[in-house]
Chemist: 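Mind having a look at this structure? Questions to follow.
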Amino acid sequence: MSNKVRVRFAPAPTGYMHIGNLHTALFNWLFARKQGGAMILRIEDTDELRSTSDALQVIYQGLKWIGLDWDEGPDVGGESGPYVQSERLDIYQEYLERLLDAGRAYECFCTPEQLEERREVMRARGIPPKYDGRCAQLSEDEREELRAEGGESCIRFRVKETGTTVIQDIIQGEVCYENSLIGDPVIVKTSGFPTYHFACVVDDHLMQITHVIRAVEHLPNTQIHIQLQEALGIARPQYAHLPLILGEDRSKLSKRHGAVAVTDYEEQGFLPEAMFNFLALLGWSPGDEQEVMTREQIVERFSLEACDKSPSIFDVQKAEWMNGEYMKRMDAAPLAERLLPLLVEAGLVETQPSAGRWQWLVQVVDLMKERTPLLTTFVTWGRYFFTNDYEYENRAREKWLNREDTPEKLGALAARLQLLEPWDHQTIEGTVRGLAEELEVSAAKVIHPCRAAVTGTTIGPSLFHLMGLLDQDDVVRRLQRTAQRARAGELAPLPNENE
RNA sequence: GCCCCCAUAGUCUAGUGGUUGAGGACGCCGGAUUCUCAGUCCGGAAGCCGGGGUUCGACUCCCCGUGGGGGUACCA
């Protein structure tokens with residue numbers, strides 16, 4: 001047997017996939033790729049009530065979005081399949097027999113209601129609410145009797161009553177748990193499905209997982225897992241428990257933190273490579289000051305030993321900054337390809353743009369990418385490139401469109417631009433500056449109203465370059481239309497809604 | 001309640017018992033850019049949780065406290 005590294009990402013297909021899950025998947029993947037090992041995707045759908053096929057699709061989608069691949073899994077197969085736990089029930093049964101035969105597992109007839117009641121009592125008395133083990137002592141006759149009465153049962157694992165379980169964790173270091181503090185956990189539910197602890201241990205063994213890399217919330221469970229491994233006589237993998245990602249209020253990430261699902265970030269306009277980079281830097285640092293790195297650089301420098309123990313907060317602002325960096329550094333053409341679907345959806349660009357139109361789009365992207373943090377901001381901030389139907393922002397109205405001398409300037413500019421040839425940024429600039437000179441005002445006094453009229457906003461890229469990319473007739477019409485509306489007093493500042 | 005873990009600016013982090021007057025990044029503030037800023041450049045404010053030890057010397061080691069987090073399910 002080779003000593004090749006094998007890791008697994010083992011999500012439960014319940015609900016949505018949040019950013020913390022993706023983080024765990026990413027670190028598993030980074031370690032696998034760095035070590036030249038295998039990444040296995042295993043679906044832990046032992047929660048029959050909450051597992052859904054929709055959730056499963058969301059997992060695939062999330063992993064694919066950020067660019068993680070796997071060497072073995074439900075869809076790609078592999079030698080250790082099946083990779084979905086609900087399809088491995090007979091396997092668990094086999095291992096259960098071993099435990100039963102060894103006297104390390106037993107039937108428990110306590111009902112959930114009884115258990116909850118007893119836990120309450122224990123809590124009230126201030127003692128650890130662990131299972132009291134009452135069914136552990138049942139004789140075969142007593143069990144027979146309970147079954148005859150129609151009592152339903154589950155199977156519990158008999159944990160050690162004394163001693164300490166020591167975990168050597170690559171990230172957390174040495175952690176000890178007292179065996180006397182936990183009760184016998186359920187390993188097979190009344191339904192016949194295994195619980196997480198049991199299925200996980202059996203599968204990690206059968207799939208020859210060498211490194212279990214998962215969130216730190218599983219660290220206490222490792223005590224049970226190790227005892228299960230000992231009882232079964234199977235090898236113990238290495239453990240690496242990752243710190244959690246917390247919401248802004250420092251609590252575990254959940255729906256009430258707003259955007260936590262991977263799909264939320266995709267919809268918000270994050271580039272997967274930026275998210276990849278950003279997530280890699282949560283709980284891990286390359287040790288130097290480089291932050292924006294390629295996937296290859298991250299893989300090259302990654303190590304579990306360099307992972308931090310303390311939890312981190314997902315800072316959306318920094319994530320957006322990182323995304324902006326990626327947009328800036330990306331070539332315009334590939335970026336335009338990412339943008340196209342959003343522009344089509346917004347009804348701003350046709351699904352199959354002509355070659356000329358595409359060339360033009362690339363130029364627009366090149367002009368705008370410097371200042372757009374997200375794909376979606378490109379669409380909103382760059383709207384005026386694609387349509388004459390845009391709003392005049394309040395700042396534009398206040399500062400320029402509401403001025404008495406504006407209509408006249410815009411009109412004069414429209415008249416000159418109408419005849420301009422060629423239509424490029426140099427000649428446009430010459431015309432605009434020339435007008436300013438004739439009017440004996442600074443260039444800014446023409447540039448600003450012009451920008452406000454042509455784009456509806458006070459900010460954006462170089463005005464002359466921007467105009468050069470717009471259609472000449474459109475620009476003239478926009479100037480005329482704005483002048484007209486300004487004269488009619490339609491462009492006065494709007495009443496401030498939120499203040 | 002009990003068990004475990006964590007603790008460098010608002011956030012992500014680097015960091016060594018003395019070379020640190022603690023480095024970088026996001027964000028924030030200020031200046032510049034006479035075409036704006038949501039762009040760019042420059043500058044700035046902001047931190048080693050508190051208290052005890054150990055030591056010639058602690059941000060760095062130990063203890064206690066405080067704060068935060070996780071676990072304590074027939075969820076994973």
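Proteins get letters first, then strands, A, B, ... in listed order; numbering begins at 1 in each.
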Chemist: Using atom P in both nucleotides, what's the gap between A45(B) and G53(B) to the nearest angstrom?
Modeler: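 That atom pair is separated by 34 Å.
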Chemist: May I ask you to decide whether Glu44(A) forms a salt bridge with Arg42(A), counting only side-chain N to carboxylate O separations under 4.0 Å?
Modeler: yes
Chemist: Relative to the 5' end of RNA chain B, which residue comes earlier, Ser285(A) or Ala12(A), by the nucleotide with the nearest heavy atom?
Modeler: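 First, find each residue's nearest nucleotide; the 5'-ward one identifies Ser285(A).
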Chemist: For U13(B), take OP1 and OP2 only and decide whether either is under 4.0 Å from a side-chain N or O of Ser312(A).
Modeler: yes
Chemist: Quote, to the nearest angstrom, the C1' distance that separates C61(B) from U55(B).
Modeler: 10 Å
Chemist: Using Watson-Crick or G-U wobble geometry with both distances below 3.5 Å, tell me the partner of C56(B), or none.
Modeler: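 Pairing partner, where one exists within any strand: G18(B).
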Chemist: Using atom C1' of each nucleotide, how far apart are G18(B) and G24(B) to the nearest Å?
Modeler: 23 Å
Chemist: Pairing check on U66(B): which nucleotide meets the Watson-Crick or G-U wobble criteria with it, both distances under 3.5 Å?
Modeler: A7(B)
Chemist: Suppose we call a contact any N or O donor and acceptor under 3.5 Å apart; does that hold for the side chain of Thr190(A) and the base of C74(B)?
Modeler: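 Yes, the side chain and the base share a sub-3.5 Å donor-acceptor pair.
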Chemist: I want to verify a distance call: between C74(B), C26(B), U40(B), whose nearest atom is closest to the Trp321(A) side chain?
Modeler: C26(B)
Chemist: Taking the P atom in each of C29(B) and U19(B), what is the distance between them to the nearest angstrom?
Modeler: 35 Å
Chemist: Could a donor-acceptor pair under 3.5 angstrom be found where the side chain of Thr195(A) meets the base of C74(B)?
Modeler: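 No, no donor-acceptor pair under 3.5 Å.
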Chemist: Can you tell me the base-pairing partner of G43(B)? Count Watson-Crick or G-U wobble geometry only, both distances below 3.5 Å, and say none if there is no partner.
Modeler: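 Its partner is C29(B) (Watson-Crick or G-U wobble, both distances under 3.5 Å).
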Chemist: Write down the distance separating the C1' atoms in C59(B) and U72(B), rounded off to the nearest Å.
Modeler: 35 Å
Chemist: Work out how far the C1' atom of A22(B) is from that of G69(B), and round it to whole angstrom.
Modeler: 26 Å
Chemist: Using a 4.0 Å heavy-atom cut-off across all strands, classify Arg451(A) as base, sugar-phosphate, or nothing.
Modeler: base
Chemist: I'd like to know if Asn221(A) reaches the base of A76(B) with its side chain such that a donor and an acceptor end up less than 3.5 angstrom apart.
Modeler: yes
Chemist: Indicate yes or no: does Arg123(A) engage Glu116(A) in a salt bridge with an N to O separation below 4.0 Å.
Modeler: yes
Chemist: Which listed nucleotide (C74(B), C75(B), G68(B)) is nearest to the side chain of Val186(A)?
Modeler: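 It is C74(B).
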Chemist: When we call it a touch if two heavy atoms are under 4.0 Å apart, what does Phe464(A) touch: a base, just sugar-phosphate, or nothing?
Modeler: base
